[in-house]
Structures are given as C-alpha cells and as structure tokens.
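All values reported here derive from a predicted model rather than from experimental measurement.
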Amino acid sequence: MRGVQYGIAESETVTTLPKANFRLYPSDSTVVLVGCRGAGKRTLGFIAAKYLGRRLLTEDYCFESFAGCNKTTFLHRYGLDAFNSQIANVLARTLDANRLNCVIECSTGTLTQETRAILSAYAETNPVIYIHRDKEDLFKHLKLPASDAEHLLSTDQKHREFCNFEYFNLLDTSPIGREDGESPLRSASAHSARLIHVKQEFISFLDQISGQTLTRSWVQNPFSVKAIPPEHRYFTFVLNLRLSALINLEKDLAQLEAAAEVVEFIIDTWPENILDLISTQVALIRRKLDIPIIYYVEENPREERRRPLEEKDATDCELMIHGLRLGVDYLCLDLERSADLVHKVLSMRGRTKIIGNYVIKGFSTPQWDEDVYVQRYLRAQSLGCQIVRIARFCAGNRDDQRRQNFMDKIAALPEPKPHIIAYDYSVFGTISPFQGLSFNPTGHEHLEKSSREQMVGVSTIRGTIRTFFRRGCLQPLNFYVLGANVYYSASPSMHRAAFEHYMMPHTFEAKQCTTMEELDRVRRDPNFGGASLTAPFKAVIMDHIDHLSFHAQAIGAVNTLLPLRGKTPSILDHANARNHAGLTEKFYGDNTDWNSIATCLRRAISPRNSVQPSRTTGLIVGAGGMARAAIYALIKLGCRKVFIFNRTVSKAESVAEHFNRYAEEQNLVGRRGVEGRVCHVIGSAKDPWPEGYQQPTIIISCIPSYGIDDKPSVDFRIPSQWLRSPTGGVVIELAYEPLITPLIVQMRKVREDGNTSWVLIDGLEVVCEMAMEAFELYTGRNAPRRLMRRVCDETWTRQCAPFQPQRLP
C-alpha cells in the first residue's frame, strides 16, 4: 500500500476495464514440456499423456523421423551450425503439426535464439511448461563437474524467458511411500513407489492450468472438500506462511496439516535466487499440506528496506508473474498499486483467481458504512477480480453493525459479483478470530508469531471452531458406523481423534443394527451427523436415499450416509449445513470404498506392473458391496480385464452384468485392445486361469472374516494356478479382524519362498483411507491424515495385537 488513501483516484475510476486474459487456452491444447536433461520431462510426459489420453511425442523421435538419423549422427556428419538449424526446423514442424491433443517433450539442451523464438511464439497459443528440479539433486543425478553444472543451470533458467508455466519437480526424500510420522508397522507403505507423489501433484497441476480441478470433483462428488471452492464454504480459514519464515523453518511442513482450508504464501523478502526458492516452497506446500495456495507479494514488508517505486514495481511484477506461472490457485493483488502493474498482472492471470486486495490503514479510517468501501468493491469487480478482500485498521472499539451494513449493501448487488471478505484488524492482528464466513486469517500453534505479520492474531483454527460450537453457530452431532458386525471397527477411534484435533464436540459410535427399521431410527434423529455403512446395508440402502453420488450410482452400493439439512435444494446449501442439527427426511449417499482401494493400489503397484488397459488383469474374490467397489476401483485405474470368483456363482454373474453394462454406457469397451466385456466370472477354484489372459497382477479379497446370516466364515486361499504372474503384483486383503487371515498367511509364505515381487496390503491400510475420506464428507474439513493413520495403528495394536499373529513384515 502506498500511503493512506481513502477515496478513488481519478485514474482509478469504477468503470476501469481489465485487459484481456492472455493465458487462457482450450482444454485440448497440446502441452509442451521443456527443461534441461535430468529434470524429469520424460516421466512427467508419460504421466500427462496417460492422464489426458493423448499421444506423447519426444523431440528425439521427431528429429529421427524428419532427419533420418539421430542427433549424434547428424551432428558428426553436418556440423554444429547445420545441427542447430535442423533442431529449429524439426521443432517448428513438430509444434505446428500437433497443436491439439498431444504432449510434446522438448529436449532443449541447445537453446538458440531461433528455438527460443519458436517456443515463445507457440506459448501464445499453447501451454509451454518449464520443468526443473533442485540443482544439487540434479548435479548429483547427472554426475557433472562443478563448471559444467553451473553452465547447465544458467542455460536452464533461460527457459523462464518464454515459458508461460513452470513446474518444480520436487524429489521425495522420505522413505519410499512412507510419510513422516507414520508407523513403521504399516504393511504396504514399505513397498510403495516414490512417483505416486509426483504423479498426483502433476495431475493436479495440469487440472489447475486447464481449469478442470473443480469440474472433475464436482461432477463426481459435490460434497468433496475439493469440489467446493473454499471461498464458498462456511467457516474457512487461511494459514499465513511467510517466505522469510519458511527459509529458516526447522519444522516439517507436514506438522501443520489440517490447519486451514487455504495457505496464503506471502513473499516478504528478496533473497538471492528468489525465483527458484519460491518454486521450491510452492512445491513443498502442495506436497505437505495439499490445500489451495493464495500467492501474495507484499508491497512494503516490515523489516525490509524501502524500495523506490520503479524498483518496487519492476521486482514485484516479476514475482507476481512468477506466481502465475507456477499455477497457484489464487493471487492477491493490491489494487492501489500502480495501474500499469495491476493491468499487466490481470492480463496474465490465466486460470488463477484474483483477490482484489485493499488494506485501509491509519487512525481515522472511514467507517464501514461509508461509500468508499462500496466504490472499492465496484472497482475490483470492473477489473475482473473474483474475490475482493478489504482489511480495515481499527484503533478503538469496532462497530460490527456498520460492517454488517456494508456486507448487506454488497449482498444486494446483482449477480454475478465477486465474493467479499471484510474484517477489522489492529496492531495485534485481526480483532476477532472470526468476522466473516470465509477466508479468515489464522496462525498455528507450532509457528512463532512473526514481527512482520500484521493480520494474524493469536487465534488458531482449533480454538475458533471450539468457540463456534460454544456460541451455537455449529451444533454437536452423533456419527456412527452401522452394520451387523461392527464391534471391532477401527473407525470410531480415528474419527474421535480427528474431532479432538479440531475441538469439535461430535461423537462417533460403532452401533450394531441389521434392519432398515433400526437404521431409520438412527438417521432420523435430529442430532444425526452421518454414518459409515457396512453389511447388510450397502446395497439395500440405495432405494432409501434421495441423492446419490456419481460413484455410488456406478457401483450400486453406498458406504457413507449424510443428512441433507440445507434450506434450499442447492447442493452448496446442503454442504454448508454440515455440522448443524435438525430434523430431515432427505439423505445423501456416497461410496468411498473404491477410492480407498484405488489409493492403496496406486501406492503399491510397481512400475513394471503399471495398469495397461489392453493387458493388465485383476482378480476380485467375492461379490458383495466391497467387491463392487473393488471392481470399480480397477476400472477407474484403467484395468479392463477383471475376473470375479465367488462361491455363489449367480451373485458373481449379477455383479459382472452390472459392470459390463456400466462399461458399455461409459464407452469403455470396443476400443483398441479392449474387448466387449470388462468383467468375467470364474466358476470354480479348480479351474485353470483362463487362456488368452495374463495372470492377475492385482488380487483383492472382499470376503468378510466373520460369518454372515449364521454361515461360517470362508477359509479362502488363492489357487496356486492363479498365482503365476512372473512380475508378481499386489494382493489386498480387506478383512482386518482378524488381521492375519488364511490368505495373508498364504501370501507371506509365497514371499518367504522367494517371490518377493508380491506386495501385501492388509485391511487396516484400506480402512484408514476410508475413514479419512468419510471424515471430510461428514464435516467439510480436511482430515488430519497423519494423526488418523497413527491412531488407527495404535488402536489395532492396543485392542487386537495381543490376540493375533504379528502384522506383515
């Protein structure tokens, strides 16, 4: 902020029009990856091509196709000048011929003026992503001498001159697949691949720059925390993290999990190599906290030198454009900065949402009901800001009614209009821990209060949520796991720990019931918050639910039940009514079983067993609700050859028919390499593995370890003729009481006999994932994942371990 200015300057009229947005591209635009060798372009190219369903073209392949020989041969034959000319010619022809539905990996090891011009021109119509990684890690990977390494680095950074996006390929230095703080007893983690983090992060990055993030989440599950933007959810918080603090932070960022719905990353210092440092921190926040980022370049940071206006605008504009290049979710822009800076940033915003920011300083600031605030809001709206944030300095007692009058004026304006955030602050930060419904700044008990911070007070998300419940803004609710055999469930302890993390006075109980009448009595209680359903309810509940998620409809089973208490039919209204009590006759059903299974599979599948639609074969044992979810998980992962074995063949045939019909409706069959059916039934355990199909590399046992309807439990082992995959695979045993089932004993023996390529996942691994996703659906809050994993393992160790064999090695 430049001084204290309460009115609108003549050059900043309400009718100011924003410039065009130059970084919006059609979703089918070809994506180009550039960067030095060793940065990971080829790996990310494969990930992008598979996820987007596109061709992957490499510059090396295209060079050989056009030139008739590889680069080394061409260089030796014709010399450097001809080589550089040919590189530029091949690049231009490749890009021009493939502007849609491709992923192109460019090995721009030789950056000439001509190739830069070609890529710069292409970036006007297509995403060109600069891929880079930590330089120390890169030098170690390439085994380069210091002189060559420095030259490579200086050349590599020139990519920023023409790329419109940037992705920092963060190395996962933790033990493979195991997060810090996770118990070493977990069975599958030790076998997981590091690339799972990179894959998920790069896919999210692609969704963000193409504008698909919310669309995909909303269509599949509108109650997901990722489906509703945090500014439209009630009681959301922003965790302020400053670059000056992160540079010297000794704590692992993962310890700050579930501290807010959004991180505001504040650039408040200018160290050397600041662009690389910012890229690294953005990547770390994404990996460790996995929540949206507000990127804010502070104009006059405390404890830093005062910069001349020209230097300030030039430096900060570069930093803001860098944030946009990183594809951050939000960029906070002070609208009282110079008009040229404001308009340049707005013209380059792409898919990033702009928060038009005003900080009103001084001891005689206007009151909230004066027209100056509405004028500022209207100017931000005219510039195309999606959110307007106004922070007003208040030296004395604040007048909440006047602020509410201002909010009412904004609410009365016609739609569409920007979301409004408005609060008072003092020398101690925000005066009240919560003055609005969303994006309230907060700190964290693990972080020391910075002398640079002016907005964050002493409040944290935990203390503020507790205050909401005490004041009656939110009400305590009762949650359950319901079914015939739930006495051993690990869910209650995990949910109780998560409730305690947020200081929510909710309860969670395992309640045995077997009839719809019993379930109805539970769900129609005014204090019912939600329930996880087990047998026998997963299928029969379908006809007693008003709204089903896309996944529940596809699977034909529900495992998560939510009450709908919104005052209007809007799903957003229902979602914001979570954590509120009241009578209701309407309910929402979802299925989180499939995603929990899919998550465990993604962690455990080795690269040589990666899912290929034309080859990968899966085996599902059982035909109940969990089997349906397991089949759906395989289909979502890309498997198109699924075999079902069940002792009642007719049930297996019914399930197979359901998913074959689904596959046909979704156009998943009839493609190249995919036959007319996805699911097949094996009639007997004595049958040989069907001819013409690879041995299964994914096996999921969905048989309960307890008997149902007075039937004894099934003592099942995989027939040896179905275990001949030369590359092994993954076996998931969904039962976890007892944890060591006959199948687990069998597979442990297989591993002990030398076939260590089989990875085993026990039922606790899956149930933990289910509980975390259910918690987010119940409460609308991010699950404290590390905490819930630890509690899950501790609960099993305390309650069950003394009576069972040891967990998996």
Short side-chain donor-acceptor distance under 3.5 Å, W368 and D400: no
Nearest-0.5 Å distance, CG of residue L564 to CD1 of residue I545: 9.5 Å
Sidechain-backbone polar pair: R392 side chain, K361 backbone, donor-acceptor under 3.5 Å: no
Test: R242 and E264 ion pair at under 4.0 Å: no
Distance-only polar pair, side chains of D590 and T560, donor-acceptor under 3.5 Å: no
Between N579 and H506: side-chain donor-acceptor atoms closer than 3.5 Å: yes
Over 12 non-hydrogen atoms of neighbours within 6.0 angstrom of CD in E415: yes
Residues D329 and T352: side-chain donor-acceptor under 3.5 angstrom: no
Y296-N240 side chain donor-acceptor pair, cut-off 3.5 Å: no
Test: R785 and E776 ion pair at under 4.0 Å: yes
Atom pair CZ/CG of R351 and L324 - distance to nearest 0.5 Å: 13.5 Å
F479 side chain near S532 side chain, heavy-atom distance below 4.5 Å: no
Heavy atoms of other groups near D371 CG, more than 12 under 6.0 Å: no
Qualifying residue, where the test is salt bridge (charged side-chain N to carboxylate O under 4.0 Å, His left out) with E201 and the options are R287, R286, K288: R287
Parallel, tilted or perpendicular: ring planes of Y295 versus F265, cut at 30 and 60 degrees: perpendicular
N478 vs N527 side-chain heavy atoms within contact, under 4.5 Å: yes
Between N357 and D334: side-chain donor-acceptor atoms closer than 3.5 Å: yes
Residue pair S493 / T795, side-chain donor-acceptor N/O under 3.5 Å: yes
Centroid separation Y358 to Y377 less than 6.0 Å: no
Heavy-atom donor-acceptor pair, E509 side chain to Y480 backbone, under 3.5 Å: no
Test item: side-chain donor near acceptor, H232 and S438, under 3.5 Å: no
salt_bridge(E794, R790) N-O dist < 4.0 Å: yes
Residues that A391 engages under side-chain contact (heavy atoms from CB on, under 4.5 Å), provided they are two or more places apart: Y423, Y425, M455
Pair N559, D593: side-chain N/O donor-acceptor within cut-off below 3.5 Å: yes
Parallel, tilted or perpendicular, as decided by the 30° and 60° cut-offs, for the rings of F363 and F393: perpendicular
Heavy-atom neighbours of K511 NZ exceed 12 at 6.0 Å: no
Distance-only side-chain donor-acceptor flag, E518 / T515, under 3.5 Å: yes
E261 bridged to R781 by N-O distance under 4.0 Å: yes
Interatomic spacing from CG in N591 to CG in L548 - rounded to 0.5 Å: 10.0 Å
Output field: ring centroids F775/F508 closer than 6.0 Å: no
R379 (side chain) donor-acceptor with L335 (main chain) under 3.5 angstrom: yes
Polar contact flag, side-chain donor to acceptor under 3.5 angstrom, Y330-E231: yes
